[in-house]
**Student:** 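Take this structure, written in structure tokens, and hold onto it; I'll ask about it next.
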Amino acid sequence: QVQLVESGGGLVQAGGSLRLSCAASARSFNNNHMGWFRQAPGKEREFVAAISWGGTTTDYADSVKGRFTISRDNAKNTVYLQMDTLKPDDTAVYYCALMRIQNWAGTRTPANYAYWGRGTQVTVSS
């Protein structure tokens with residue numbers, strides 16, 4: 001059973017920064033693409049960023065490109081999301097997810113991820 005635990009969320013003013021972490025229990029973490037998604041109240045879960053199993057390839061939603069950075073430390077079984085220049089529209093619950101069957105073309109689709117964390121709340125005040 002794979003467990004993912006997010007941390008680092010909180011309340012921040014617009015223009016500020018937060019760093020989210022996601023610790024994974026998976027023994028095969030090094031072989032799995034990872035993604036970050038978010039869900040705001042009344043909205044569907046949306047893709048934020050993804051990183052390949054080796055950390056060499058990344059992808060970002062247009063809404064966060066240039067402001068967010070995804071990274072991973074395979075020695076620590078952890079993936080990170082550095083969020084800078086935060087906006088009120090970034091307010092959401094942020095989830096990390098692990099892709100069991102590696103399919104880079106499908107990393108933007110939530111249904112392609114086998115395991116999810118419980119999420120961490122990010123609130124950006126104006």
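The chain is numbered in sequence order, starting from 1. FYI, side chains are in, hydrogens and waters are out, and symmetry mates aren't considered; it's all heavy atoms of this structure.
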**Student:** Quick one: does Asn112's side chain have a donor or acceptor within less than 3.5 Å of a partner on Gln102's backbone?
**Tutor:** no
**Student:** Taking all non-hydrogen atoms of both residues, which atom of Val64 and which atom of Val48 are closest, and how far apart?
**Tutor:**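 Residues Val64 and Val48, closest heavy atoms: CG2-O, 3.5 Å.
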**Student:** Whether the Asp84 and Ser17 side chains hold a donor-acceptor pair (N or O, under 3.5 Å, no angle test) is what I'd like checked.
**Tutor:**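 Asp84 vs Ser17: donor-acceptor pair found between side chains.
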**Student:** Under a 3.5 Å distance rule, please check whether Asp59 uses its side chain to pair with a backbone N or O of Ala49 as donor and acceptor.
**Tutor:**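 It does not hold such a pair.
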**Student:** I'd like to know if the side chain of Thr91 reaches the main chain of Val124, judged simply by a donor and an acceptor atom lying under 3.5 Å from each other, with no hydrogens or angles considered.
**Tutor:** yes
**Student:** Quick check: closest heavy atoms across Ser126 and Pro88, and the distance to 0.1 Å?
**Tutor:**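 Scanning both residues, the minimum pair turns out to be CB-CG, 3.9 Å.
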**Student:** Mark yes or no: Arg38 above the aromatic ring of Tyr95, with NZ or CZ under 6.0 Å from the six-membered ring centre and no more than 45 degrees from the axis.
**Tutor:** no
**Student:** Minimum heavy-atom separation for Ala23 to Thr78, with atom names?
**Tutor:** CA-OG1, 4.2 Å
**Student:** Between the side chain of Thr109 and the main-chain N/O of Thr107, is any donor-acceptor distance below 3.5 Å?
**Tutor:** no
**Student:** CD of Glu46: more than 12 outside heavy atoms within 6.0 angstrom?
**Tutor:** yes
**Student:** Just to verify, which of Ile51, Thr58, Asn77 counts as forming a side chain to side chain contact (heavy atoms under 4.5 Å, CB included) with Arg72?
**Tutor:**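 Exactly one candidate clears the test, Ile51.
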**Student:** Indicate yes or no for a side-chain donor-acceptor contact from Glu6 to the backbone of Cys96 under 3.5 Å, with no hydrogens or angles considered.
**Tutor:**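 At least one qualifying donor-acceptor pair exists.
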**Student:** Which heavy atom in Thr85 sits nearest to a heavy atom in Asp90, and how many Å separate them?
**Tutor:** O-OD2, 4.4 Å
**Student:** Closest heavy-atom contact between Trp36 and Leu20?
**Tutor:**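 For Trp36 versus Leu20, the nearest heavy atoms are CH2-CB, 3.7 Å.
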**Student:** Please report the interatomic distance CG(Asn32) to OG(Ser52), rounded to the nearest 0.5 Å.
**Tutor:**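 It is 11.5 Å, given to the nearest 0.5 Å.
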**Student:** Would you confirm whether Gln82, through its side chain, and Tyr80, through its main-chain N or O, come within 3.5 Å as a donor-acceptor pair?
**Tutor:** no
**Student:** Using side chain to side chain contact (heavy atoms under 4.5 Å, CB included), reason through Leu81 and Thr69 one step at a time and then give a plain yes or no.
**Tutor:** CA-CA 6 Å; Leu81 186 67; Thr69 303; over 6 Å; no
**Student:** Looking at NZ of Lys76 and CZ of Phe29, how far apart are the two atoms once the value is rounded to the nearest 0.5 Å?
**Tutor:** 12.0 Å
**Student:** For Val5 and Arg118: C-alpha separation, side-chain torsions, deciding distance, then whether side chain to side chain contact (heavy atoms under 4.5 Å, CB included) applies.
**Tutor:** CA-CA 7 Å; Val5 180; Arg118 292 187 174 184; over 6 Å; no
**Student:** Out of curiosity, does Phe47 fall in the hydrophobic cluster containing Tyr94 (side-chain heavy atoms, cut-off under 4.5 Å, transitive links)?
**Tutor:** no
**Student:** Look at the side-chain heavy atoms of Ile, Leu, Val, Met, Phe, Trp and Tyr, link any pair under 4.5 Å apart, and say whether Leu98 and Val93 land in one connected group.
**Tutor:** no
**Student:** Distance check, rounded to the nearest 0.5 Å: Tyr115 atom OH versus Leu4 atom CG?
**Tutor:** 9.5 Å
**Student:** With hydrophobic residues grouped by side-chain heavy-atom distances under 4.5 Å, do Met99 and Val2 end up in a single group?
**Tutor:** no
**Student:** Taking Tyr60's backbone N and O only, do any of them form a donor-acceptor pair with Arg108's side chain (distance below 3.5 Å, no angle check)?
**Tutor:**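 Side chain of Arg108 to backbone of Tyr60, a donor-acceptor pair under 3.5 Å: yes, one is there.
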**Student:** Could you check whether Tyr113 and Phe37 have their ring centres less than 6.0 Å apart?
**Tutor:**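 When the ring centroids of Phe37 and Tyr113 are compared, they turn out to be within the sub-6.0 Å range.
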**Student:** Can any side-chain N or O of Thr123 pair as donor or acceptor with the backbone N or O of Leu11 at less than 3.5 Å?
**Tutor:** no
**Student:** Taking everything shown except Trp116 itself, do over 12 heavy atoms lie less than 6.0 Å from its CH2?
**Tutor:** yes
